[in-house]
Amino acid sequence: MSLKQSGAFSTVETYYNDYGQRAKELNREGKKVIGYVCSFVPLEIITASGAIPFRVRGSIHEPITRGDTLLETIVCPYYRSCFDLSVKEKYAFLSGMVIPHGCDSMVRSFSAWSYGLPLSYFHFVNIPSVCEESSLEFFGSELNTFRKSLEKFTGKAITEENLDQAIRVHNENRDKVRALYEFRKTDPPLISGTELTMTLTAGSSLPVEESNSLFDQALTEVKGRGNSPLKKGPRILIDGACLDNIELIQLVEELGGNVVTDTICNGTRDHFPKADADGNPIDALAHRYLDKINCPKTYRSNKAGTFEGDIENRFGDIGTYAREFNVDGAILYVYKYCDPFGFEVPARKVYYQSLNVPLLHLEDIYSAGTMGQLRTRIQAFLEMIG
Amino acid sequence: MTKVVILNQGIVASIIGPTGPEQRRLANRVMEEALEKISLSFSDITFIVSTGYGRINVPFSDKQITEITCHARGIVHLFPEARTIIDIGGQDVKGIKVDASGKIVDFVMNDKCAAGSGRFIEVIADTLEVPLDQVGERSLQSRNPAKISNICTIWAQQEVSSSLAEGVSVSDLLAGIHQSLADRIVRMVSRLRVEPSVIVTGGGGKNRGLIKALSGQLKQEVLVPEEPLITGALGAALMGKEIVEKARQYNTPLETKERILEAVKIL
Amino acid sequence: MVFVLGIDIGSAQSKGIALGGQGSLGSFECPSGGDFKLTAEKLRGELLSQSGKTENDVSRTVATGYGSKLVFFADEIKPDIVCLAKGVSSLHPTVRTVIDVGDLYTKVLRTDGNGSVHNFLLSGKCAGGSGRILQVIARVLRVRVEEMGDLSLTSQKRVDFNTGCAVFAETEAISRLSQEVKKEDLLAGLHRALAAQINSLAERIGVEPDVAMTGGGARDIGLVRAFKEIRRHDILVPTDPHMIAALGAAIMALEGIEQ
Amino acid sequence: MAEEQKEAKPKKRMTATKAAASIGPMVKEFITGTLQAKAEGKQKVAYTFIVCHHEEIFRALDVMPVWTENFAGICGAKRDAERFLQRAESLGLSRSLCTYALCGIGFDQWREELGGMPPDAPWGGQVRPDFMISSGQILCDPRSKWYQASQQFMPDVPIYNIDLPYPLFQRNQDHRDVWSYYHQYIVKQLRGLVAFIEEQTKKKMDYDRLRELVNLSDRTWNLIDETYKLRRAVPCPMGTGDAMNTMVPINFMMATQKAYDFFVDLKKELEEKIVRGEGEVENEKYRLMWGGGLPAWYALSDFNYFNSKGASFPVETTYRMVAPLHDMDLPETKDPIEHLAWRWLGYWTFWFDKARKRPGSEPDVERLINWIEEYKIDGVVMHEAFSCRTWHVGLIWQLHQLAKIYKPIPVHVIGKDGKKEKVFKELPSLILESDIIDITSYSEVDTRNKIDAFVGALESIRANRAA
Ligand SMILES: Nc1ncnc2c1ncn2[C@@H]1O[C@H](COP(=O)(O)OP(=O)(O)O)[C@@H](O)[C@H]1O
Ligand SMILES: Nc1ncnc2c1ncn2[C@@H]1O[C@H](COP(=O)(O)OP(=O)(O)O)[C@@H](O)[C@H]1O
Ligand code: SF4
Ligand code: SF4
Ligand code: SF4
């Protein structure tokens, strides 16, 4: 779907295409912009420190060159692209960078990042891979370490009030995203998948307050639409990791499908869970990032003792979304070399079968060059379910 | 290859034209030939569906449908018992799983490396100076298939010509090449959990050597349509017919293009 | 009177050099064909006749390259990267990095001017990033490989070309032509893409100046220019860059005698 | 690991030491042992991963560990992994994922489908476990995703996923600032493991026995370190090829007297060889370091190929999963669990302090530099196996950094001005590319060409080395 060149969405498009435009300005004004990757970096702490969290993105249009001279090509291609753009100084306006323990690709390339980029601040946040009382406690300590290191870097204490306030604005942001998703429930949806993902991606390049007002504008605009500008078509759920380039979603929509929901990182995985607003803020954050974010990286033990029960536990949110958004089919989009998602493909396939939702599994390498091949697969899939 | 199938109650005409990337030109030419053959005018054709790698480059098509759907449709028409379809083309190889009602339930496709497609055979056949329509038969004469250790088409080409100089026979080399391609194809389609009947179609279906290697590695019989090259076009025609019938039934208008063939520029 | 041969049997082209005490006495190049033994013999015959010698005059022969093991009359076989370093250093001792674009492999090596190899890297098992693709495209465009460089330099508007698979590149090129893309623009795109790929390989072991390009690919000035543009510094190309490994082999044959 | 091969090809790797030659039968015995234990039902068998550093807990509770990486490696060494890999692939698992895991999952799925061992299963096959212990955390994702995926086919087999973190090296952070809460967490995780196994085995932990076992492996750690350090001798008495065998007691047999005794014998054997001046290769010309990467199990004979060119491997960074305890400054404790946690942290942070002192260094680079000096190394060889990120990402970067900060080779060069000057160059390096067990990624011709070229490079450097 091509975008309406008006109001909110034209701003969105600008921020999406010239990604980092606003952050560059803010940096020039003397603000500290802290880059991050993955859903596991607690943005609230960065916001509370007075710095601006900025999600580092890859580009499927830019061939990976310099990055490959420092990093093996057996790293997940999405992550290699982020690294490549960073060493090519696309994000030269960053003051620092935070990398979490999201997956092997992130852990093993941390040295290459931290020595490869000339940034004065670098921090690694370890994330437990199990979710229980002792790991929440450990994670809390790890978050405090992060907090202290940011304090040292910015020269300013991060108080409980700062954290509470940050939690509040970030939660607001998530409420707005939820509201945007509500517009996808009609058939055809009022907002296209392309527009939505572009909006969320644009938002992740802005200070949270600005992101909030951008989302507000988008909400007003979509609400004002009355009739959907879209055609009816199969309703598609996209399942996978980080999909920060819109081309895949665009392709699905161009071929007549409507992307109505997802589990991707810059979609529901990142934006749906909220932090508890009262109580100790660090505990609330530990709880949100470890327990509430549903990522294959976090091991969830099989409490049911049966395979069926286990996949219901692990992938239940997919079923919820599939029903809530009334989907006709799903695309499981996984990058080559991605261990956390890669190992779940067989179980996820079975889960989709149990939901009776047809599934297309795609393994891809994060390059615009593969869109031609994907086109045939996606078109055939839409023909199959249509 | 560019193929045309014209359908009425049964197949009225089918034409197989040359292969090549100048798809637009070839589409026009092959269509023209087909019409000539049965002395129909272009405007007599009610509906045209294009398919295949170059489906968007067919200027006169009314609808584009993927080769996955079309091959499945064509094959199911010919073999209602088909459950697994393997389409071996010059650009890619596809595996398609269909259920008892002929509906596609899953499919896989290879990626952009010539080593996993019919092109692999073409290149090697060219190196060994064996005409494509003989590679299959020649490979069947082999007693001792050569082991091809390189995956890359270009490297394999080098390997084959060195082996040839060392005295390895052409049939042994061809048999080795077929094993090697069959191996890659089987690895890919096994993701579908192959069930009988297995049908091999596309240009690769014309190659008896490849069929033998495939059935050996799949450990089951594979069936091949009489004319494997046209099953995609046949499927497309069948789908076209359905569209027309549906439109007539519900009395909805058919969206078609103007029936004009472009002048064919000879390169 | 010393007389030595350096024989380089490449996958595409075979090259030979005859050296006497005073310098080169002959050089010859021919397609490798399938039968490397035959090719090696042919090379030897040609070198002998050029320098007016007989088999018995040859004090030492060093063979190198893809088919070196089939040079049955060689006294010694040396890896091509060692020969390349030797050959380049003998002509240009300030060279520290050599990039050799051969038919199946691209090789990058670091040397010290004495002909020692201090590090090296070879391209992988996919022929997409080596010289063969030049040949493939030349055939499609119906130009001779020798002409490709000059043609590429005339391009006003480089198109993006995806090198990817050396086999499917042919298909891509034909469809580009049918979209009326000019040959020179396509070539410029190809050269750019290939140069970028080769540069990535080189960067993996670090590029120290001076940089020389050798191998058949270095005869293609379009590729050399694209490479210069990417690296933003000058690249040295020895005369007859494709003969360098053979030259190095011959020098090593000489050194073998001296020892 | 086992290098024994059924095919009678001349591929069989030649070992230089008697100790290494004795490993094959040992591993076989070990696999048969697990099958037998299961049949008898007296001992519980548990799937688990190497480099967990808490085998003592299994042994003290009489659990028989089944090292699933070991079995996958055996399939690889026997060149019989392909059918299991294909099975995993047909389930939807990508070949780009850890092929050990793929092999294991493919095997397990097959065994569960048949209700018995797949036909011709290598060495009788991998036993169905009573429970599985995952240990991923920061070490690797497959270690927590593998068993979870296998559980699809045996949902009745419970998993305990133990989280064992260590602080990643960060330039401007002293790991001691954080390691107390790391320690607390690890202790809780280990206690959780004890509770889980107690429940599974219906046994109570005997802490005195545990303390003894911990003490035994501590002594083994130190003994291994002393033994391996003997390989500094010129000529080197034992190479990496053999070490790929002698890693078996280090990784699969810790906390047993047998492992300790093995190294007593090996140490003696090496000492004797040194006295006799006997090297791994007859005429040692080059000393190489295996600087990173798991080996290609189906191609261990490549080490013999190196040897045939006069190249020996006195040291490797792979599978040396111990460090001298007396060089670690660990807090004293009487509690064996607490000690295990400290030892874990001590092991992973072993090179941190040194690395922090040298600008541009980091622990893996620091280890390379130290061993290059200690073992008098002429070149570094690495293996990039495509399917495992843990041990194979960062290698290029390490070489880059090494080249930047450490240049030991003096050479005369001619500069632009035509003058000769003496400069220092970095060590040459070679990266081999294939996989741990996926043989389709390997080309013998290609690999040997690279080795030839590398040895050629070493030779030319030697010839032109400045005094
Ligand atoms: N007569 C033949 N005998 C054997 N193989 C053939 C023959 N004709 C075509 N092929 C094989 O089929 C492939 C082309 O198949 P086709 O289905 O026409 O592909 P596409 O539709 O992609 O052009 C060739 O690459 C070749 O391997
Ligand atoms: N004049 C030329 N211009 C451009 N490319 C050339 C030229 N001559 C040879 N080549 C390319 O160089 C390659 C052969 O290079 P060469 O170094 O001789 O390779 P090898 O030694 O591996 O056979 C061929 O693949 C060809 O594409
Ligand atoms: S896509 Fe997978 S491998 Fe890549 S960064 Fe995300 S979790 Fe890691
Ligand atoms: S390996 Fe060979 S056939 Fe495959 S993409 Fe590369 S050049 Fe093409
Ligand atoms: S460390 Fe590597 S080989 Fe071992 S289990 Fe993890 S991914 Fe697999």
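Values below: every heavy atom of this structure, side chains too, minus hydrogens, waters and symmetry copies. Quick caveat: nothing in here was measured; it's all calculated off a predicted structure.
In this structure, no portion of A:Arg348 lies under 4.5 Å from any heavy atom of chain D. In this structure, the portion of A:Glu132 lying under 4.5 Å from any heavy atom of chain D is its side chain and not its backbone. Looking at A:Val350, the atoms closer than 4.5 Å to chain D (heavy atoms on both sides) all sit in the side chain, from C-beta outward. If you measure heavy-atom distances from A:Ile127 to chain D, the contacts under 4.5 Å come from the backbone alone. For a residue to count as touching a neighbouring chain, one of its non-hydrogen atoms must lie under 4.5 Å from one of that chain's; by this rule D:Ala88 does not touch chain A. Using a 4.5 Å cut-off between heavy atoms, D:Gln189 touches chain A through its side chain atoms alone. For A:Lys336, the parts lying under 4.5 angstrom from a heavy atom of chain D are both the backbone and the side chain. Of the atoms belonging to D:Glu384, it is side-chain heavy atoms, and not backbone ones, that fall under 4.5 Å from chain A.
Interface summary for chain D: among A:Asn144, A:Ile311, A:Thr69, A:Thr306, the most heavy-atom pairs under 4.5 angstrom belong to A:Thr69. Counting heavy-atom pairs closer than 4.5 Å to chain A, the top-ranked of the candidates D:Ser134, D:Gly360, D:Gly192 is D:Gly360. When D:Ser144, D:Cys98, D:Ser94, D:Pro142 are compared by the number of non-hydrogen pairs under 4.5 Å with chain A, D:Pro142 comes out ahead. Heavy-atom pairs under 4.5 Å with chain D peak, among A:Pro128, A:Ala347, A:Gly342, A:Gly305, at A:Pro128. No other option in A:Glu308, A:Glu142, A:Glu344 has as many heavy-atom pairs under 4.5 Å with chain D as A:Glu142.
Comment: D:Asp141 does not engage A:Lys297 in a salt bridge, judged by the lack of any side-chain N to carboxylate O separation of less than 4.0 angstrom. The residues A:Glu137 and D:Lys188 are annotated as salt-bridged, a charged nitrogen and a carboxylate oxygen being separated by less than 4.0 angstrom.
Remark: the D:Asp163 side chain and the A:Ser135 side chain contain no N/O donor-acceptor pair separated by less than 3.5 Å. For D:Tyr181 and A:Thr145, the side-chain atoms include at least one donor-acceptor pair closer than 3.5 Å. In this model, a donor atom of one side chain and an acceptor atom of the other lie less than 3.5 Å apart for A:Asn126 and D:Gln137.
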Item to check | From CA spacing to verdict: side chain to side chain contact (heavy atoms under 4.5 Å, CB included), D:Ile396, A:Leu70 | outcome: CA-CA 6 Å; D:Ile396 303 178; A:Leu70 292 167; 5.8 Å; no

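In terms of modelled atom types and a separation under 3.5 Å, the side chain of A:Glu72 and the main chain of D:Gly394 share a donor-acceptor contact.
Among the residues in residues 164-179 of chain D, those with a non-hydrogen atom closer than 4.5 angstrom to a non-hydrogen atom of chain A are D:Pro165, D:Tyr166, D:Leu168, D:Phe169, D:Gln170, D:Arg171, D:Asn172, D:Gln173, D:Val178. Below 4.5 Å, heavy atoms of chain D meet heavy atoms from A:Cys103, A:Asp104, A:Ser105, A:Val107, A:Arg108, A:Ser109, A:Phe110, A:Ser111, A:Ala112, A:Ser114, all part of residues 103-114 of chain A.
The minimum heavy-atom distance linking A:Ile74 with D:Arg389 is given by the pair O-NH1, 2.8 Å. For D:Leu102 against A:Phe343, the heavy-atom pair with the smallest separation is CD1-CE2, 4.2 Å.
Separating the SG atom in D:Cys388 from the CG atom in A:Asp339 is a distance of 8.5 Å, to the nearest 0.5 Å. If you take OH on D:Tyr185 and CZ on A:Phe139, they are separated by 10.5 Å, rounding to the nearest 0.5 Å.
Aromatic ring pairs are classed by plane angle as parallel below 30°, tilted from 30° to 60° and perpendicular above 60°; the pair D:Trp397 and A:Tyr115 is tilted.
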